[in-house]
Each structure stands twice: as structure tokens, then as C-alpha cells.
Amino acid sequence: MSEPLLDVRNVTLRYKTRERLVTATHQVSFQVHAGDRFILLGPSGCGKSTLLKAVGGYLKPAAGQIRLHGSPIAAPGPDRMMVFQEFDQLLPWKTVRENVVFALEASGRLKGRAADEKARHYIDKVGLTRFADSHPHTLSGGMKQRVAIARGMAMEPDILLMDEPFAALDALTRQQMQDELLRLWEDTRFTVLFVTHSISEA
Ligand SMILES: Nc1ncnc2c1ncn2[C@@H]1O[C@H](COP(=O)(O)OP(=O)(O)O)[C@@H](O)[C@H]1O
Ligand SMILES: [Mg+2]
């Protein structure tokens, strides 16, 4: 077997609130290899989002280790892009294209023409070319999630982290988005760590 891209080993994650200490995950281990579609499946409250936040670098393990390419994760970075459940993860005053370009430029990934071309490429991949100059408030929930996916993919991260990205969509749109994501994966073979509580979605 090749080296895993992501190695989560015996990871315990805790929240300290004023009243108590919440253990969100207890000694969780798994490995994700390049090109994997890796699913974290479990009921609400079992610690999926917390694990994803830790892989994102937003939370430090109380015990255990999370390694990417063999190095411990210390902070958030453009090598791990997150797509959330909420529709409001876009900047409302920027267009679809500007949202994607902004991520590329702010992270230092690409600038100017190159950023613009990369944005157009991925906006096309999610079928939103006609809406590239639209603002988020004029789009449906499914379209906004497509923008968030395009933005995540345009960054060409080592791993795309998706936290129930379709959970707030209506059933038909959700199914359509699931099919689209599979097609995108067949096309691009990116590495994705996907969180869901739905067995059928998994
Ligand atoms: N910010 C927080 N502060 C305190 N407890 C939290 C916080 N976020 C989540 N938790 C608790 O951690 C546990 C795991 O939550 P979460 O990772 O959101 O689960 P899931 O995503 O699987 O539904 C739950 O018991 C939840 O109440
Ligand atoms: Mg969650």
C-alpha cells in the first residue's frame, strides 16, 4: 500500500464549555488515500463535523494525531478546502465568478488572468457558466452549493472536505447534486472526505 494522504490516528476531540467537557470523538482512526471518495457516516451528534474541523485545522486533537502527507496538521490551509451544509458560505456582494476568484487570489494560489480562467473552468464544470456574473441571492440553494463546490475544486486542494453539503436541499435537488458530484469525481478524481448521516447518500 502507498502512504496515506491523510492519516487520522487515535484522535480524541473535546470541547471545553463553561459547564463541562464534551468529548466529541474518542480514539478515532482512519486513512484516506489520494483519489479516495471517503465517507464518514454516522448519526447526528456522533462527532463527524468535529472530525472534519480538526482535519481542516480549526481544532487541535486532545489526543492522537492527524497527518497530511506525513506532517501533523497545525493550521487551516488551502490544501484542505471545506464545503459546508449552509447556503450562506458565499460572499453576497460578489458574483459567482468573483467568489471563486477571490478564494484563489486571497490564498495566493493564482492571480489575475490565471485566477479568472481557473474560476471559469470550474464554474463550467458545475454547470453555472450562464450564472457566472450573478450574485448569490439570485441563485437557488442547489446552485449556491454548486458555487461552493466549484470554489473548493478551483483551489485544487489535496483533499476536499464536505460536511453534509446537500443536507439542506430538497430531496430531488439533493439526488441530482449527488449524481453530479459522482460525475465530477469520475471526471477529475479529486480526493474527497464526505460527511453524511444518510445511509443512502453514503
Ligand atoms: N462548539 C461546541 N461546543 C461544545 N460542544 C460541541 C460544539 N460543537 C459540537 N459539540 C458537541 O460535540 C458532539 C459532536 O458534535 P458534531 O461534531 O457536530 O456531530 P455531528 O456532526 O456528527 O452531528 C455533540 O455532542 C455536540 O453537542
Ligand atoms: Mg455535523
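Atom set for the values below is all heavy atoms of this structure, side chains included, hydrogens, waters and symmetry mates excluded. First listed ligand is number 1; within each ligand, the first listed atom is number 1.
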Note to self: Other residues, nucleotides and ligands only: do more than 12 of their heavy atoms fall within 6.0 Å of NE2 on His69?
What the structure shows: yes
Next item on the list: Would you list the pairs meeting salt bridge (charged side-chain N to carboxylate O under 4.0 Å, His left out) in which at least one residue belongs to residues 23-36, sequence neighbours left out?
Entry: none
Check: Going through the distances and angles, do Ser198 and Arg174 end up as a side chain to side chain contact (heavy atoms under 4.5 Å, CB included)?
Finding: CA-CA 12 Å; Ser198 157; Arg174 182 172 186 168; 3.7 Å; yes
Checklist line | Expected output: side-chain Thr12 to main-chain Ala63 donor-acceptor under 3.5 Å | finding: no
Notebook entry, point to check: Mind checking whether Lys118 and Leu104 have side chains closer than 4.5 Å, heavy atoms only?
Noted result: yes
Next item on the list: Identify the residue among Arg113, Arg120, His121 that makes a side chain to side chain donor-acceptor pair (under 3.5 Å) with Glu117.
Entry: Arg113
Checklist line | In the protein, N/O/S atoms that are found under 2.8 Å from the Mg ion (ligand 2), waters not counted | finding: Ser49 OG
Note to self: Among residues at least two apart in sequence or on other chains, which ones pass salt bridge (charged side-chain N to carboxylate O under 4.0 Å, His left out) with Arg151?
What the structure shows: none
Next item on the list: Kindly compute the distance separating CZ (Phe194) from OG1 (Thr196), expressed to the nearest 0.5 Å.
Entry: 5.5 Å
Notebook entry, point to check: Between CD of Glu156 and CG of Leu110, what distance do you get to the nearest 0.5 Å?
Noted result: 8.0 Å
Margin query: Students should find this: residues with any non-hydrogen atom under 4.0 Å from ligand 1. What is the answer?
Written below: Tyr15, Thr17, Val22, Ala24, Pro43, Ser44, Gly45, Cys46, Gly47, Lys48, Ser49, Thr50
